[in-house]
Amino acid sequence: MSQSWLLKNGRIIDPRNGVDRQGDLLVVNGAVAGPGEAATDGVREIDVQGCWIVPGLIDMHVHLREPGEEYKEDIVSGTRAAAAGGFTAVACMPNTRPVNDGMAVTILILQRARDGFARVYPVGAISKSSRGESLAEFADMKAAGVVALSDDGRPVRDSQLMRRALEYAGDYDLRVISHSEEKALGRHGVMNEGAVSTRLGLMGIPTAAESIMVYRDIALAEYTGRPVHIAHVSTIMSLDLIRAAKARGVRVTAETAPHYFTLTDEAVAGYNTNAKMNPPLRSEPDRLAVCEALADGTLDAVATDHAPHSTLEKEVEFDLAANGIIGLETSVPLTLALVRQGLIDEKRFVELLSVNPAGILGVAGGSLAAGVPADLTIIDPALEFDYTQDTVVSRSRNSPFLGWRLQGRAVLTMVDGRVMYDLHQRCEQHSS
Amino acid sequence: MNSGKTMTTGCHFSHKHILGIEHLSAEHIDHILQTAESFKEISGRSIKKVPTLRGRTIVNLFFEPSTRTRLSFEIAAKRMSADTFNISASTSSATKGETLIDTARNISAMHPDIIIIRHSCSGTPEMLTRYVRASVINAGDGTHEHPSQGLLDMMTVREHKGRLDGLKVTIIGDILHSRVAHSDIIGFTRMGSRVFVYGPATLIPVGLEKLGAVVCGSLEEAVRDADVVMTLRIQKERQSDPLLPTFREYAQNYGVTREVMALARNDALVMHPGPINRGVELMPDVADSSQSVILDQATNGVAVRMALLYLVMGNT
């Protein structure tokens with residue numbers, strides 16, 4: 001039986017239940033207590049004055065690298081980083097070695113996750129080995145515990161396969177998460193195509209490489225009537241397509257990552273391999289459009305695309321460096337920056353990072369209603385900190401935000417009422 | 001010191017590395033060109049050697065095949081009495097062994113004074129500066145820059161025209177893959193020339209005007225009244241990217257012929273960084289005409305590289 005907690009003097013922001021109030025939240029036996037429920041003996045009190053109490057944050061797009069590339073990250077280290085970043089759950093992409101395209105790998109991931117610091121929701125592959133040739137066994141994987149399907153990183157090229165995936169996945173209530181990219185257009189590209197790539201002499205990936213496939217995926221979702229989720233949206237044109245599709249009732253949802261609303265392709269200057277990812281950092285107009293789309297509902301979620309790589313993949317020539325950056329520990333402060341800038345409000349912040357990811361994946365969470373498991377995050381929105389090599393919790397350190405002074409972070413993360421991260425170590429002091 | 005020509009500028013040259021023209025101010029470009037002009041005479045002597053860099057160690061680290069640039073740097077170094085060493089390395093993924101950084105650190109541990117690097121990946125010289133103590137000179141990186149070529153082009157034009165300011169410099173061909181074009185566009189623009197480029201749309205990179213170039217809509221617009229017409233080497237395809245149907249069609253529509261040159265000023269210079277595809281981007285009679293300064297480019301390359309070696313060693 002887990003510990004009971006009384007979280008005192010916080011600002012409870014729970015948009016799914018229409019709550020935004022100052023007050024206390026009681027956690028009894030790992031669940032959020034109901035209104036009449038009394039504190040039992042042995043309840044520990046924590047004063048969270050000045051902090052927000054929100055439903056546990058869910059990062060619906062991460063790479064945990066296990067099995068196969070544990071030198072970059074594994075499920076324990078990755079979920080430790082997640083908890084430190086305020087996430088109580090993560091959905092991990094299937095591009096492990098071997099690819100999570102069947103029950104065996106799914107079971108292994110879930111088994112390893114028992115020692116983790118956050119809930120792990122495996123995403124299964126759309127195609128066998130993510131080769132884009134034939135469908136993986138969706139039913140089997142669903143039975144084993146996958147919550148969605150994606151060939152992230154190796155986008156489905158064959159439109160017929162994508163259509164069949166949407167149809168068949170619908171039979172098992174699995175959302176298809178599309179990495180929408182026409183690879184031929186950016187075949188030699190290593191960054192966004194534009195004035196900056198020309199200046200740096202780096203081959204470009206045009207914005208059309210993304211929007212062409214976003215349109216294809218929308219067209220297939222519209223035609224089949226099945227839902228599709230577009231991963232890491234980065235361009236104006238993609239957002240316009242999604243906005244228009246939503247307006248005519250197509251079942252499309254979409255996410256972006258903090259780097260797309262924080263940085264532009266100028267961050268590549270100096271050939272910084274920690275600014276290399278796919279899709280690439282885009283231009284300032286694209287960045288502004290992403291911010292706008294987060295506010296107006298075109299984008300449903302913020303997901304980090306946490307992609308750990310070691311120095312072996314990153315301390316090399318820019319052309320040869322691997323794509324991707326870590327993101328779990330910087331998502332909260334970077335998204336809070338949008339709140340401070342007045343682009344989104346606190347309620348929207350919680351929707352983007354908790355309510356909507358839970359809804360899209362069809363998993364529990366995103367709510368602090370009485371009786372739900374106490375997955376919650378306590379955020380100090382004012383707390384400033386230096387994000388440096390030495391403070392990174394993830395096993396890898398490939399972040400373009402190293403050296404940044406950030407504001408706002410999770411100070412306490414609970415899963416099922418159990419403390420997974422406790423910045424100020426107040427919980428330990430209580431128990432000793 | 002018999003290299004000791006009097007420098008006419010009071011410029012304080014503070015660059016330890018030469019990574020690209022983009023990092024050089026007009027004043028510094030001018031200073032390099034003046035230094036090169038003063039060194040040029042050494043190559044005309046019967047004994048082509050000055051002791052200026054005696055005892056200095058220079059490593060030519062070439063990850064890409066090169067004939068003229070490497071030879072030019074080596075001749076420049078030897079005429080300055082430096083000790084030079086050539087390393088040809090492969091970057092193909094098939095021969096992945098030691099990382100570039102390990103190679104660089106090992107070379108650095110042997111205390112060279114200057115590392116001259118050519119690499120197929122843009123930005124590699126800049127990356128190298130983070131791992132070595134030596135001065136780094138970029139001898140061409142990917143499609144980024146080829147600063148010594150840009151400088152020798154400016155030197156050659158200035159030698160013939162007496163100035164760079166106000167000239168119309170036209171560059172025709174594969175701008176997309178040309179580090180020479182990038183260095184020339186930045187350099188000539190910075191020195192007051194107007195740079196016009198022309199080529200098939202497949203070979204014109206996005207946002208080129210941000211570097212200062214005017215992208216022309218026709219060959220005629222590009223060449224009319226030009227003071228300099230520079231053509232670039234054409235490749236039909238690169239890495240499975242279909243850029244052009246045929247050389248024949250390119251030559252007919254973009255090749256610089258006598259008729260095309262007639263649009264330019266009568267005293268216009270014909271330039272090419274080499275190697276030339278004769279009959280494709282440049283017709284042989286134009287390449288060999290009295291307007292051609294292509295061989296002057298090669299001669300001046302040695303002088304420019306002598307100047308760069310001299311200046312990065314802290315001499316002004």
Side-chain angles (χ1 to χ4, degrees), chain A residues 182-209 235-237 264-276 280-286 309-323 389 398 402-403, chain B residues 19-23 63 91-93 96 98-105 117 119-131 138 140-146 175-183 185-186 197 204-213 215 237-243:
Chain A
E182 168 52 279
K183 279 279 188 191
L185 273 172
R187 191 177 288 144
H188 311 297
V190 293
M191 70 172 293
N192 183 49
E193 182 169 295
V196 182
S197 66
T198 295
R199 191 180 85 216
L200 294 173
L202 294 172
M203 287 294 125
I205 302 170
T207 53
T235 78
I236 293 173
M237 181 59 83
T264 66
D265 53 4
E266 290 285 355
V268 177
Y271 304 92
N272 178 7
T273 58
N274 283 340
K276 182 177 178 183
L281 295 171
R282 302 289 187 183
S283 66
E284 179 66 3
D286 291 302
H309 288 294
S310 78
T311 54
L312 295 176
E313 292 82 23
K314 285 296 195 180
E315 278 193 20
V316 295
E317 297 87 328
F318 192 90
D319 284 344
L320 309 179
N323 284 310
Q389 289 265 359
N398 52 310
L402 290 175
Chain B
L19 303 177
I21 303 279
E22 62 178 319
H23 305 296
F63 289 91
T91 42
S92 83
S93 53
K96 257 187 197 157
E98 195 177 42
T99 66
L100 173 79
I101 291 167
D102 282 337
T103 305
R105 282 177 171 149
I117 180 172
H119 200 286
S120 59
C121 297
S122 299
T124 305
E126 185 169 339
M127 184 176 98
L128 197 67
T129 62
R130 297 180 208 133
Y131 299 94
N138 179 5
D141 62 329
T143 54
H144 175 227
E145 281 225 43
H146 191 350
I175 312 294
L176 178 64
H177 297 100
S178 176
R179 52 196 173 210
V180 176
H182 292 169
S183 290
I185 289 168
I186 298 167
V197 303
I204 303 292
V206 176
L208 192 65
E209 57 289 343
K210 289 261 175 76
L211 292 184
V215 179
E237 61 264 302
R238 273 177 81 108
Q239 303 173 313
S240 72
D241 192 355
L243 298 164

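Naming: A, B, ... by sequence-line order, numbering from 1 per chain.
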Subject >> All side-chain contact (heavy atoms from CB on, under 4.5 Å) counterparts of B/Thr99, not counting sequence neighbours >> reply: B/Ile101, B/Asp102
**OP:** Of all the heavy-atom pairs spanning A/Glu315 and B/Tyr131, show the shortest one and how long it is.
**Re:** OE1-OH, 3.4 Å
Subject >> Nearest heavy atoms of B/Cys121 and A/Leu320, plus distance in Å >> reply: SG-CG, 4.2 Å
Original post:
With a cut-off of 6.0 Å (strictly less than), are more than 12 heavy atoms of other residues, nucleotides or ligands near NZ of B/Lys210?
Top reply: no
Subject >> Interatomic distance, B/Leu19 atom CG to A/Tyr271 atom OH [nearest 0.5 angstrom] >> reply: 9.0 Å
**OP:** Please lay out, stage by stage, how B/Phe63 and A/Glu317 fare under the test side-chain contact (heavy atoms from CB on, under 4.5 Å).
**Re:** CA-CA 12 Å; B/Phe63 289 91; A/Glu317 297 87 328; 5.9 Å; no
**OP:** May I ask you to decide if B/Val206's main-chain N or O and A/Thr198's side chain share a donor-acceptor pair within less than 3.5 Å?
**Re:** yes
**OP:** Look at A/Val196, A/Val190, A/Leu202, A/Leu312 and state which one has the largest set of heavy-atom pairs under 4.5 Å with chain B.
**Re:** A/Leu202
Subject >> Nearest-0.5 Å distance that lies between atom CZ in A/Arg199 and atom CD1 in B/Ile186 >> reply: 9.0 Å
Original post:
Looking only at heavy atoms, what is the nearest atom pair of A/Val316 and B/Met127, with distance?
Top reply: O-SD, 3.3 Å
Original post:
Is chain B contacted by the side chain of A/Leu200, its backbone, both, or neither, given a heavy-atom distance below 4.5 Å?
Top reply: backbone
Subject >> Atom pair OG1 (B/Thr143) and NE2 (A/His188), whose distance is rounded to the nearest 0.5 Å >> reply: 12.0 Å
Subject >> Partner set under side-chain contact (heavy atoms from CB on, under 4.5 Å) for A/Thr273, not counting sequence neighbours >> reply: A/Lys314, A/Phe318, A/Ala321
